[in-house]
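Scroll down for the structure; my scribbles are underneath it.
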Amino acid sequence: MKRFNKTILAVAVTLASSQAMAAGFQLNSQSATGVGRAFAGDAVIADNASVLSRNPAAMALFDEKQLSMGLTYADVEVSVKDVYIDSALGQIHYGHVDDAAEAKIIPNFYYVSPVNDKLAYGVAMFSNFGTGTDTTPMSQQLVNGLPAPLDLLGKTEVTTLNFNLSASYRFNDHFSVGAGVDVIYGQGTLTRGGLVPTQAGPAQQDLVDVDADGVAFGGIVGAVYEINADHRFGMSYRFSPDFKATGDIDMYNPAAGANVAFDEINIPMPDIFQVAGFHQLTEKFALHYTAQLTTWGDFKEITVNDGVIPGMPTTIPEASLKTYAWDDSWLFSIGGTYTLNQDWTVRAGYMFDQGVVGEVSSISIPDSDRQWFTAGATYNLGKHASLDFGIAVIRGEDVDLIEHSAITGGLPIGPDTRMVHATTRSNATYYSMQYNYKF
């Protein structure tokens with residue numbers, strides 16, 4: 001094929017620009033203690049200030065000021081393999097990417113301060129959402145002179161950071177409530193494109209180039225019910241905003257036959273509801289658990305606003321990039337904590353984390369059900385300070401998917417070329433460390 005069909009390119013852009021977040025991108029990395037117990041009971045245990053990331057009402061359980069801060073190193077393994085289309089020429093294979101994700105360092109910081117025996121406040125910094133994959137190598141090739149499904153391939157990166165201010169109030173010995181405000185900073189990068197055949201030879205064609213950031217506001221409410229000092233329950237609901245980001249948002253518009261520069265991208269974020277329990281069964285051993293619902297069903301559509309075509313008076317007030325078919329997802333975790341002696345406490349946990357993808361799968365950000373196997377420990381440095389360590393081994397599943405590409409679908413080599421087949425898998429290992437201080 002000596003000349004690439006520009007009509008195919010135009011039709012493909014809507015698909016390409018929609019892959020920014022084509023799978024669940026929630027993080028569970030807010031503390032080393034949480035990592036070590038698979039976040040089982042994290043909304044009510046309150047063994048350090050990091051409970052603020054899960055339930056502000058649990059600050060009522062503190063009787064002294066506490067500080068926690070730490071880092072989680074997320075070693076993410078994403079593979080995309082057996083990528084091919086069926087055609088009249090037989091199967092056309094595009095290769096694989098074994099290391100489609102990069103490792104990340106995720107920080108956190110928490111401070112809780114009781115004002116009196118009724119009121120407490122806290123501040124926090126942590127992240128609830130983030131992801132990153134790069135399948136660009138598969139788009140930088142022509143196979144038998146034909147382009148790859150470059151509308152599905154490229155770099156996708158999303159980063160968010162929560163700054164939280166919360167307060168709690170204790171009504172009596174059994175019941176406490178809390179609420180907080182989230183200031184959320186988000187940044188995203190998305191590229192789609194690759195090599196296409198032209199009369200002059202292979203040439204780079206960029207379909208989508210997005211680099212945007214923004215600030216949004218959310219909130220959280222929570223409650224704690226204490227049966228007694230050894231048995232308690234907690235629950236919280238985090239309200240996430242419809243996130244608006246501005247920056248460089250460029251994509252090809254098939255109707256105009258030109259690139260359109262948009263000023264704003266709108267991304268609906270899911271809410272998070274969780275319930276947790278804690279039970280000190282013996283002097284040394286405690287059992288804890290969590291059930292959490294994330295409303296990924298709210299993540300229905302990504303839109304862009306305020307588009308202009310450079311050098312032309314044409315404006316595009318709003319455009320829809322993608323309608324999704326995601327499902328709400330649950331995670332369930334259970335864990336145990338055992339006090340060895342006055343210096344050491346150990347913990348372990350298991351989590352089943354349900355995938356979010358329903359009818360629509362994606363090559364760019366693989367998703368599946370995941371299992372977490374975790375362990376951790378706390379070492380008391382003295383009366384006031386301690387160190388937490390946690391490790392989580394996270395295993396996903398092989399997913400055989402079919403995603404539609406307008407690039408390959410327009411090739412005159414068979415009726416089924418738009419269906420791109422692939423097998424994806426996402427695993428990870430989290431290493432986390434945290435410092436705690438009681439004032």
Of the non-hydrogen atoms in [X] and [Y], which two are nearest, and what is the gap between them?
X	Y	result
S333	A40	OG-CA, 3.3 Å
E318	N305	CG-OD1, 3.3 Å
V51	A43	CG2-C, 4.2 Å
L387	L381	CG-CD1, 3.9 Å
S168	L119	O-CD1, 3.1 Å
G222	N55	CA-OD1, 3.3 Å

**Q.** Step-by-step side-chain contact (heavy atoms from CB on, under 4.5 Å) determination, N28 to L331
**A.** CA-CA 11 Å; N28 281 302; L331 68 79; 3.7 Å; yes
Flag, side chain of [X] to backbone of [Y], donor-acceptor distance under 3.5 Å:
X	Y	value
Q280	T282	yes
T408	P149	no
N380	G382	no
S87	G414	no
T374	A38	yes
H174	E226	yes
T345	Y338	no
N427	G396	yes
R238	S53	yes
Q274	M235	no

Verify whether one side chain among [X] and [Y] offers a donor that lies under 3.5 Å from an acceptor in the other.
X	Y	value
S79	D98	no
Q371	Y350	yes
D206	Q204	yes
D182	N164	yes
Y185	D213	yes
Q354	D328	no
N436	Q434	yes
Q292	R54	yes
Q187	T189	yes
Y431	D75	no
S432	T72	yes

For the residue pair [X] and [Y], establish whether any side-chain heavy-atom pair is separated by less than 4.5 Å.
X	Y	result
N48	D388	yes
T337	H288	yes
N108	S50	no
N341	T339	no
F332	I334	no
T159	L161	no
V183	F217	yes
Y73	Y430	no

Measure from the ring center of [X] to the ring center of [Y] and say whether it is less than 6.0 Å.
X	Y	result
F233	H279	yes
F239	Y237	yes
W372	F352	no

(Q) Under the criterion salt bridge (charged side-chain N to carboxylate O under 4.0 Å, His left out), I'd like the reasoning laid out for E157 against K104: C-alpha separation, chi angles, the key distance, then a yes or no. (A) CA-CA 11 Å; E157 186 167 4; K104 300 291 183 182; 2.8 Å; yes
Does [X] have more than 12 heavy atoms from other residues, nucleotides or ligands lying within 6.0 Å of its [atom1]?
X	atom1	result
Q91	CD	yes
E283	CD	no
K81	NZ	no

Q) Any ion pair linking R425 and D367 (charged N to carboxylate O, less than 4.0 Å)? A) no
Q. Got a salt bridge between R170 and D173, using NZ or NE/NH1/NH2 to carboxylate O under 4.0 Å?
A. no
Tell me which donor-acceptor pairs under 3.5 Å the side chains of residues 242-250 have, and how far apart each pair is, sequence neighbours excluded?
{"from": "K244", "atom 1": "NZ", "to": "N266", "atom 2": "OD1", "distance (Å)": "3.2"}

Q.
Working note: H421 + D86, criterion side-chain contact (heavy atoms from CB on, under 4.5 Å); need CA distance, chi angles, decisive distance, verdict.
A. CA-CA 9 Å; H421 302 256; D86 289 315; 3.7 Å; yes
Q) Out of I45, D47, V35, which one pairs with R347 under the side-chain contact (heavy atoms from CB on, under 4.5 Å) rule? A) D47
(Q) For T295, run the side-chain contact (heavy atoms from CB on, under 4.5 Å) check against S240, P268, P270 and tell me which one passes. (A) P270
Q: Determine the interplanar angle of the F171 and Y169 rings, folded into 0 to 90°, and report it as parallel if under 30°, tilted if 30 to 60°, perpendicular if over 60°.
A: perpendicular
Q: Take F126 and F109 through the test side-chain contact (heavy atoms from CB on, under 4.5 Å) and record every step on the way to the result.
A: CA-CA 7 Å; F126 56 94; F109 174 88; over 6 Å; no
Q.
Using the rule given for side-chain hydrogen bond (donor to acceptor under 3.5 Å, both in side chains), can you reason through S405 versus D151, listing the C-alpha separation, both sets of side-chain angles and the distance that settles it, and then say yes or no?
A. CA-CA 6 Å; S405 166; D151 50 340; 2.7 Å; yes
Q.
So, taking the atom named OG in S113 and the one named CD in E64, what distance separates them when rounded to the nearest 0.5 Å?
A. 11.0 Å
Q: Find the distance between CD (Q66) and OG (S386) and round it off to the nearest 0.5 Å.
A: 8.0 Å
Q: Could you go through the side-chain contact (heavy atoms from CB on, under 4.5 Å) check for D369 and E397 one step at a time?
A: CA-CA 7 Å; D369 294 342; E397 302 172 349; 3.9 Å; yes
